[in-house]
Amino acid sequence: MTETCLFCRIAHGELPVTLIAQNDHAVAFRDIHPQAPVHVLVVPRRHVGSLAEATDGAELGAVLLLAAEVARAEGVAESGYRTVMNTGDDGGQTVHHLHVHVLGGRRLGWPPG
Ligand code: DGP
C-alpha cells in the first residue's frame, strides 16, 4: 500500500466508500463523477500504478473478472457496457493506481475523444 495513494486508501477501508463487489485481489466502488448511469471503478487491492506497471496476471485477471461481475450485478451485462483502462498522460489517467472503469446504462459513443 502507498500511504498517499487515493485508491490504496479506498481499497484498504481508510476512506468511506460503499464497496459494491470484491474478490481476493480487487474491490469495486462507484466513480465520484459518473459519466453514465452505471459507472463503477474496479481496482486491485495492491498498489499497481497503471497497466504499464502490471506484472501479475492472476491479479489482473481478478480485476477483469470483478468488472464482469459488477456489470452483471448492475444489470448491464445483457444490454452491454464498456470497460476502460486509462494509462498514462495521453490515456487520460488522473489517478495513478490501476483501475478499470465499468460504464453502462446508456448507448456509449465511439471513438472516444
Ligand atoms: P482516470 O481519469 O481514468 O484516472 O479516472 C479516475 C476516476 O477516479 C475519475 O473518473 C474520478 C474518480 N475519482 C477520483 N477521486 C475519487 C474519489 O475520491 N472517490 C471515487 N469514488 N472516485 C474518484
Side-chain angles (χ1 to χ4, degrees):
M1 170 167 173
T2 302
E3 297 294 333
T4 55
C5 172
L6 177 64
F7 287 174
C8 279
R9 297 186 68 201
I10 289 175
H12 289 266
E14 291 183 6
L15 293 176
V17 298
T18 302
L19 295 186
I20 61 173
Q22 56 185 307
N23 63 26
D24 284 350
H25 290 288
V27 302
F29 52 92
R30 295 194 193 286
D31 194 289
I32 202 168
H33 295 130
Q35 302 300 315
V38 172
H39 189 171
V40 173
L41 300 172
V42 182
V43 314
R45 294 180 187 275
R46 202 173 63 89
H47 184 77
V48 180
S50 75
L51 181 60
E53 295 172 27
T55 56
D56 184 335
E59 178 178 55
L60 205 49
V63 169
L64 290 174
L65 288 174
L66 193 61
E69 184 182 322
V70 164
R72 288 191 292 273
E74 294 289 307
V76 296
E78 296 288 321
S79 54
Y81 58 95
R82 186 168 296 160
T83 48
V84 175
M85 297 173 78
N86 294 327
T87 302
D89 290 343
D90 279 0
Q93 184 177 9
T94 59
V95 177
H96 296 280
H97 179 126
L98 185 152
H99 49 283
V100 176
H101 297 257
V102 180
L103 296 145
R106 67 171 171 84
R107 188 61 63 98
L108 298 164
W110 190 263

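Read the numbers this way: they start at 1 and go in the same order the structure lists the ligands and their atoms. None of the values given here were measured: they were computed from a predicted structure.
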Within one Ile-Leu-Val-Met-Phe-Trp-Tyr cluster: [X] and [Y], side-chain cutoff 4.5 Å:
{"X": "L66", "Y": "V48", "value": "yes"}
{"X": "V84", "Y": "L108", "value": "yes"}
{"X": "V27", "Y": "I20", "value": "no"}
{"X": "V70", "Y": "Y81", "value": "yes"}
{"X": "V40", "Y": "L103", "value": "no"}

For ligand 1, find out whether one of its N or O atoms is nearer than 3.5 Å to an N or O atom of [X].
{"X": "H101", "answer": "yes"}
{"X": "H39", "answer": "no"}
{"X": "V95", "answer": "yes"}
{"X": "G92", "answer": "yes"}
{"X": "R30", "answer": "yes"}

Would you indicate whether the side-chain heavy atoms of [Y] and [X] approach each other to under 4.5 Å?
{"X": "V63", "Y": "V43", "result": "no"}
{"X": "M85", "Y": "L98", "result": "yes"}
{"X": "F29", "Y": "L41", "result": "yes"}

Problem set entry | Donor-acceptor under 3.5 Å (R106 side chain, Q35 main chain) | yes
Exercise. Which part of L15 is near ligand 1, with near meaning a heavy atom under 4.0 Å away: side chain, backbone, both or neither?
Worked result: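 Neither; nothing of L15 gets under 4.0 Å from ligand 1.
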Exercise. Is the shortest distance from a heavy atom of H99 to ligand 1 less than 4.0 Å?
Worked result: yes
Protein heavy-atom partner closest to [atom] - residue, atom, separation in Å:
{"atom": "atom 12 (C) of ligand 1", "answer": "D31 OD2, 3.4 Å"}
{"atom": "atom 19 (N) of ligand 1", "answer": "I32 CB, 3.8 Å"}
{"atom": "atom 8 (O) of ligand 1", "answer": "F7 CZ, 3.5 Å"}

Go through ligand 1 atom by atom and flag the ones less than 4.0 Å from a non-hydrogen atom of [X].
{"X": "L6", "value": "15 (N), 16 (C), 17 (C), 18 (O)"}
{"X": "Q93", "value": "4 (O)"}
{"X": "L41", "value": "8 (O), 12 (C), 22 (N)"}
{"X": "T94", "value": "1 (P), 2 (O), 4 (O), 5 (O), 6 (C)"}
{"X": "F29", "value": "21 (N)"}
{"X": "N86", "value": "1 (P), 2 (O), 3 (O)"}

Exercise. In terms of ring plane angle, is the pair H101 and H39 parallel, tilted or perpendicular, where the classes change at 30° and 60°?
Worked result: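 Plane angle between 30° and 60°, so tilted.
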